[in-house]
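One structure is given here, and the rest of the page talks about it.
No experiment lies behind these values; they were computed from the predicted model shown.
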Amino acid sequence: MAFSSISWSFTIFFIILQMLIMLWSGSWHANGCYTSIFSFGDSLTDTGNLKQVASITDGFFPFLQPPYGETFFHKPTGRCSDGRLIIDFLAESLGLPLVRPFLHDCDSVIEPGQGVNYAVVGATALNSSFLEARGIVNDLTNASLGVQLAWFKQSLASICSNVSDCRNLIGRSLILVGEIGGNDYNYPITDGKPIDEVEPFVPLVTDTIVSAVDELIQMGAQTLVVPGEFPLGCSSQYLTIRGSESEEYDSTTGCLIKFNKFVEYHNELLQTKLNQLRELHPNAIIIYADYYNAAMQFIRSPDKFGFTNGALKACCGVGGLYNYNRSSQCGLPYVPVCDDPNTYAVWDGIHYTEAAYRIISDSLFQGPYTWPQFNLVCPFHSVASS
């Protein structure tokens, strides 16, 4: 980190001070901490936005077909998993309703405490025109982080009555900014671009994320969670598409070393910039969520976490060592699914199973993989996930 020990001490001091102020002022809310959740991101967080787009445009997406959603919801919901996502487990642990998607049926209304989810499958941090100018085309959506922020501002008019009420609502809510940025890298890397050509995107992506966090704080946000990226080098998709680079395998995990190092670069730079933002906004609590190491727990020791079928092979898919084929994706009628997703960490070669997301969520929000530690910032979330 590019900070002196004195500067870092001040950062810690301000975070602790803000936590004490919240405790002394009694500003924890009825559910323990927050009145609602607002979320931005991509397929790791989308709870149905792209599903609604598809229903309007008659678009076909495999992840909107069975067996998606089979484990918990017993039907596809637009979530890219067999069941719940991290955001679902978080809402449950806070005693809040599952966060409904921004794009929804006209008859649907926001319930008290439900919040809104603006995340969209396939979304990028950088806007579509920037990526297209560099030969990167997003066929799924143009709902970049900037677009999602615009939706957020647009929807406030129907959620709160005036600027003061909106600031109050935002300040009492938990704001999730991400995970986002992974697709900015996934699209060019899975299309075969050398990693050296993608690395210059990292400062741009992290700047975009931090800029969004800054804007939300200026709108009144007091507590924000900003995740890093998962270990892309352990993805069934990457291992299949870029796995010919065999000299890059990690002998202990089977993951591709250089892609994980790339993610570590992103995560370290993001943390550095979040530290800078903490100094600018000492009254805000900015929590970094370490998705990378929360997932590496079961990637290193899958059996320990009940993943007897490993942490690299997909439950739903077909072909090769990792059960993944880009042209035969999970959700297509002829693609098989495993008997017990709970024994797999990976669902479809790109996303994790509900069982893996549960472990990650517990590790983040009730364990040590956030900084500052979430269960110290919010010590009252004790509602057990079912």
Between Cys338 and Cys315, is a disulfide (SG to SG under 2.5 Å) present by the stated rule, with each step listed? CA-CA 5 Å; Cys338 68; Cys315 162; 2.0 Å; yes
In sequence, state the C-alpha distance, the side-chain angles, and the governing distance for Glu92 and Arg84, and then conclude on salt bridge (charged side-chain N to carboxylate O under 4.0 Å, His left out). CA-CA 10 Å; Glu92 289 178 353; Arg84 289 165 289 185; 3.2 Å; yes
The test is side chain to side chain contact (heavy atoms under 4.5 Å, CB included); show your working for Val346 and Phe307 and say whether it passes. CA-CA 9 Å; Val346 179; Phe307 298 127; over 6 Å; no
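Remark: side-chain polar atoms of Asn293 are not paired, donor with acceptor, to backbone N or O of Met296 under 3.5 angstrom. The main-chain N or O of Gly367 is never found under 3.5 Å from a side-chain atom of Asp362 such that the two would form a donor-acceptor pair.
Neither side chain, Asn127 nor Ser144, offers a donor N or O lying under 3.5 Å from an acceptor on the other. A donor-acceptor pair shorter than 3.5 Å can be found between the side chains of Thr71 and Asp82. Between the side chains of Ser363 and Gln297, at least one donor N or O sits under 3.5 Å from an acceptor N or O. Side-chain contact of Tyr288 with Asn275: a donor-acceptor pair under 3.5 Å is absent, judged by distance alone. Side-chain N/O atoms of Thr124 and Tyr187 include no donor and acceptor closer than 3.5 Å.
The disulfide bond (SG atoms under 2.5 Å apart) contacts involving residues 198-243 comprise Cys234-Cys255, where partners must be two or more places apart or lie in separate chains.
Between Tyr68 and the options Phe61, Phe73, Trp347, a ring-ring contact (aromatic ring centres under 6.0 Å, His included) holds for only Trp347.
The environment of CG in Asn162 is crowded: more than 12 heavy-atom neighbours from other residues, nucleotides or ligands sit within 6.0 Å.
Considering all non-hydrogen atoms of both residues, Arg79 and Thr77 come closest at NH1-OG1, 3.1 Å.
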